[in-house]
Amino acid sequence: MSAPLNPPQLRGLVPLNALTERQWRELRPQLVPQPLLAGQMLFRRGDHARLAYYLLSGALELRDASGGATLLEAGSEASCHPLSPSLPRLHDALAVRDSSLLAIDSATLERQLTWGSTHQDLLLELGREGDSDWLEALLASPLLVRVPPANVRSMLQRLHRVALPAGSQVLREGETGDCCYFLQSGRAEVIRGAGSRQQLLAELEVGACFGEEALLGDCPRNATVTLLEDSVLQRLDREDFIDLLKAPVVDQVSLGEAARLLGGGGQWLDVRLQDEYERAHAPQALNMPLHLLRLKARLLDGEGTYLCYCDSGKRSASAVFMLSQLGYRAYALRDGLDALPALQRDALISETGAGYLARSGGRIERSR
């Protein structure tokens with residue numbers, strides 16, 4: 001497979017040349033040139049696929065409904081823009097020479113461009129009280145890149161400032177969750193268990209969101225968060241979190257959509273407990289239980305696409321939200337395994353035993 005294009009190589013393509021480094025990283029998996037052989041059709045009139053095509057090399061013939069034809073050659077001014085961008089397509093596009101193209105999801109590109117154009121406006125509008133450094137870190141996070149600017153504006157208006165000294169336990173394992181927090185200043189650590197079974201899961205930095213797992217899964221807190229220094233937090237209540245953040249961040253897919261993503265190189269990620277996984281799991285699925293995900297996510301391939309599943313869909317929604325914060329591309333199987341007809345569930349959850357493990361650098365190996 002060809003390597004993805006880098007920002008300098010995108011400089012002549014409009015509007016890709018307006019993307020920031022951060023936006024380019026999110027689109028990077030889609031920036032791989034695709035071959036099109038002479039005589040092959042790229043698309044036909046009436047096509048509704050939400051893809052933006054760019055001609056990188058070779059030549060295409062664009063034919064309209066009246067039979068008129070236009071030759072489009074790579075390197076021309078016209079080739080710097082998306083091909084036949086109107087939907088449905090107004091042309092047939094036929095390769096007249098061996099060519100290469102980019103095919104980018106139009107919705108993702110539009111979201112990136114919309115966010116980029118409003119990013120500075122949000123900073124200017126909301127950063128008037130000495131909060132610009134924190135806001136910039138927050139707005140640049142992989143999590144909020146996926147949230148519509150209007151939701152972000154509403155979220156920031158509903159936050160409640162909380163200042164606490166070092167040593168304060170903000171969340172306690174086992175308690176009921178009614179809110180989540182963003183870390184505005186200071187540092188915090190996430191710990192599960194007590195005594196000899198205590199386990200450090202993560203250290204949180206400015207801009208981090210925590211406490212959301214109990215809201216997504218409607219379950220008790222699964223870890224304790226303690227401040228390592230005097231800190232300022234921003235609290236977001238449960239209802240506001242669900243309304244403004246959950247829907248745009250937690251992408252859910254049907255089993256059919258999951259199969260398409262798997263065909264493009266996606267990977268099943270089973271976030272159930274190890275015993276549940278060993279009883280039965282999807283073919284070649286990685287097992288990364290939700291309570292260990294924050295600790296083990298560093299083993300995943302940063303360029304990969306992950307399809308998370310569990311029984312009810314609640315744990316996989318939490319997993320997708322967490323992975324989104326860390327910059328991974330992830331989807332949840334809609335409503336979980338329990339929503340599948342028995343035949344589909346049995347066909348999907350067809351492997352037993354220890355299965356597969358993720359190793360450093362995104363490598364996957366059989367564990368037995």
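Computed from a predicted model, the values in this text were never measured in an experiment. Heads up: numbering here begins at 1 and tracks the sequence.
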Non-hydrogen side-chain atoms of [X] and [Y] separated by less than 4.5 Å:
X	Y	result
L90	D64	no
D237	H160	yes
L244	R153	no
L227	P165	no
K246	L216	yes
R161	L159	no
L10	N17	no
L138	L156	yes

Does the pair R345/D311 count as a salt bridge with the N-to-O cut at 4.0 Å?
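Salt bridge present between R345 and D311.
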Is the closest basic N to carboxylate O distance between R63 and D92 below 4.0 Å?
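A salt bridge is absent here (no side-chain N lies under 4.0 Å from a carboxylate O).
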Crowded around [X] [atom1]? As in, over 12 foreign heavy atoms under 6.0 Å?
X	atom1	value
R45	CZ	yes
E365	CD	yes
L37	CG	yes
Q344	CD	yes

Do the side chain of [X] and the main chain of [Y] share a donor and acceptor less than 3.5 angstrom apart?
X	Y	answer
Y277	L286	no
E173	G193	yes
R221	G211	yes
R89	A49	yes
S99	A59	yes
S185	V232	yes
Q267	Q284	yes
Y54	I104	no
H48	G46	yes
S231	L164	no

For residues C310 and G313, report the shortest heavy-atom separation together with the two atoms involved.
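Distance-wise, the nearest heavy atoms are SG-N, 3.1 Å.
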For R294 and A202, which heavy atoms make the closest approach, and how far apart are they?
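The answer is CD-CB, 3.4 Å.
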Identified side-chain contact (heavy atoms from CB on, under 4.5 Å) partner of S316 from the options D335, L269, L307, V271
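Among D335, L269, L307, V271, the one meeting side-chain contact (heavy atoms from CB on, under 4.5 Å) with S316 is V271.
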What ring pair (Phe, Tyr, Trp, His ring centres under 6.0 Å) pairs are there with at least one residue in residues 195-239, not counting sequence neighbours?
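Applying ring pair (Phe, Tyr, Trp, His ring centres under 6.0 Å) to every pair that reaches into residues 195-239, excluding sequence neighbours, yields Y181-F210.
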Quick one: CG on L261 to CZ on R329, what's the gap to the nearest 0.5 Å?
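Atom-to-atom, L261:CG and R329:CZ are 8.0 Å apart.
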Out of curiosity, Q40 CD to L60 CG, how far, rounded to the nearest 0.5 Å?
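With rounding to 0.5 Å, CD (Q40) is 11.0 Å from CG (L60).
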Quick one, L102 with L13, criterion side-chain contact (heavy atoms from CB on, under 4.5 Å). Give me CA distance, side-chain angles, the key distance, then yes/no.
CA-CA 10 Å; L102 285 182; L13 302 181; 4.1 Å; yes
Take D270 and Y309, measure what side chain to side chain donor-acceptor pair (under 3.5 Å) needs, and give me the verdict at the end.
CA-CA 5 Å; D270 189 320; Y309 69 85; 2.7 Å; yes
Audit row: L245, N151, side-chain contact (heavy atoms from CB on, under 4.5 Å) steps and yes/no:
CA-CA 7 Å; L245 293 187; N151 288 38; 5.7 Å; no
Pairs flagged by side-chain hydrogen bond (donor to acceptor under 3.5 Å, both in side chains) wherever residues 191-203 is involved - sequence neighbours left out
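Pairs touching residues 191-203 that pass the test: R187-E203.
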